[in-house]
Amino acid sequence: QVQVAESGGGSVQAGGSLSLSCAASGYTNSRYICMGWFRQTPGKEREEVAIINVNGKTSYAESVKGRFTISQGNATATVYLQMNSLKPEDTAMYYCASVNAIYCATGTIFRYWGPGTQVTVSP
């Protein structure tokens, strides 16, 4: 079974930075894997933050463009999310997700999810 784990969350003041890490393990077929970061605040809908495709191309939510950067690690199914110029509205539980797919975009359903890592940004 595929396992996903995130790390790097914490508490920072507005304007600060955090870097999140994620690794998915257990894939029997690792040829085509999409990875993504999502976030959710209690009582609100889950939001897609950033996605990285098997070809390395990335996409971002409009609210984080220019501030967040998703990148792939050296190992298979590993990704990072560098978050700069953090705002209080970025406060959320951040989830890493993964799926076998030739290509993924907005609307792609991610199958495997990590337990989440909390990011809190104070004013």
Side-chain angles (χ1 to χ4, degrees):
Q1 182 173 303
V2 175
Q3 303 280 355
V4 180
E6 315 97 333
S7 63
S11 298
V12 298
Q13 290 189 303
S17 299
L18 283 173
S19 182
L20 307 183
S21 301
C22 174
S25 61
Y27 275 108
T28 57
N29 181 1
S30 60
R31 181 165 293 181
Y32 304 107
I33 299 175
C34 286
M35 304 287 289
W37 288 97
F38 301 78
R39 65 187 182 187
Q40 187 170 28
T41 300
K44 297 183 179 180
E45 295 294 322
R46 185 177 63 208
E47 177 186 16
E48 176 189 298
V49 176
I51 291 173
I52 187 165
N53 282 280
V54 295
N55 60 3
K57 291 187 176 181
T58 58
S59 61
Y60 298 90
E62 288 295 327
S63 60
V64 306
K65 284 184 177 179
R67 300 188 297 119
F68 291 11
T69 302
I70 186 172
S71 60
Q72 58 190 12
N74 293 326
T76 300
T78 60
V79 292
Y80 303 95
L81 184 68
Q82 179 65 46
M83 305 185 293
N84 298 324
S85 301
L86 284 162
K87 304 175 180 179
E89 51 263 45
D90 293 318
T91 295
M93 183 71 74
Y94 282 71
Y95 298 91
C96 179
S98 183
V99 66
N100 276 128
I102 297 175
Y103 190 81
C104 53
T106 299
T108 296
I109 304 300
F110 285 76
R111 182 174 182 179
Y112 307 107
W113 294 80
T117 184
Q118 180 68 38
V119 172
T120 301
V121 185
S122 60

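Atoms considered below: every heavy atom in the structure, side chains included; atoms not considered: hydrogens, waters and symmetry mates.
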Heavy-atom pair of closest approach, residues Gln72 and Gly56: OE1-CA, 4.4 Å

Nearest-0.5 Å distance, OG of residue Ser98 to CE of residue Met35: 4.5 Å

Closest non-hydrogen atom pair, Phe38 against Ala97: CE1-CB, 3.8 Å

Spacing of OH belonging to Tyr94 relative to OG1 belonging to Thr117, to within rounding of 0.5 Å: 10.5 Å

Verify same cluster id: Tyr95, Leu86 (apolar side-chain graph, 4.5 Å): no

Euclidean distance, Phe110 CZ relative to Cys34 SG, rounded to 0.5 Å: 5.5 Å

Short side-chain to backbone donor-acceptor contact, Asn84 and Ser17, under 3.5 Å: no

Nearest non-hydrogen partners of Glu6 and Gly116, listed with the distance: OE1-N, 2.9 Å

Gln13, CD atom: more than 12 neighbouring heavy atoms under 6.0 Å: no

Donor-acceptor contact present, side-chain Tyr112 to main-chain Gln1, <3.5 Å: no

Value rounded to 0.5 Å, distance of CG in Leu81 from OH in Tyr60: 7.5 Å

Val119 with Trp113, same ILVMFWY side-chain cluster at under 4.5 Å: no

Ile70: which of Ile51, Val64, Ile52 passes side chain to side chain contact (heavy atoms under 4.5 Å, CB included): Ile52

Among Val121, Leu20, Thr69, side chain to side chain contact (heavy atoms under 4.5 Å, CB included) partner for Met83: Leu20

Non-hydrogen side-chain atoms of Ser59 and Glu48 separated by less than 4.5 Å: yes

Nearest heavy-atom neighbours spanning Cys96 and Val79: SG-CG2, 4.1 Å

Spacing of CZ belonging to Arg39 relative to OG belonging to Ser63, to within rounding of 0.5 Å: 4.5 Å

Under 3.5 Å: donor-acceptor pair, side chain of Thr91, backbone of Thr120: no

Gap separating the CZ atom of Phe68 from the OG1 atom of Thr58, nearest 0.5 angstrom: 14.0 Å

Short side-chain to backbone donor-acceptor contact, Asn100 and Tyr32, under 3.5 Å: yes

Donor-acceptor pair, side chain of Asn53 and main chain of Asn55, under 3.5 angstrom: no

Taking every non-hydrogen atom, the tightest pair across Cys22 and Trp37: CB-CZ2, 3.5 Å

Shortest non-hydrogen contact between Ala5 and Pro115, atoms and distance: CA-CD, 4.4 Å

Expected output: side-chain Arg67 to main-chain Ser85 donor-acceptor under 3.5 Å: yes

Residues Tyr103, Thr108; criterion side chain to side chain donor-acceptor pair (under 3.5 Å); working and verdict: CA-CA 9 Å; Tyr103 190 81; Thr108 296; over 6 Å; no

Hydrophobic cluster membership, Ile102 vs Val54, 4.5 Å side-chain cutoff: yes

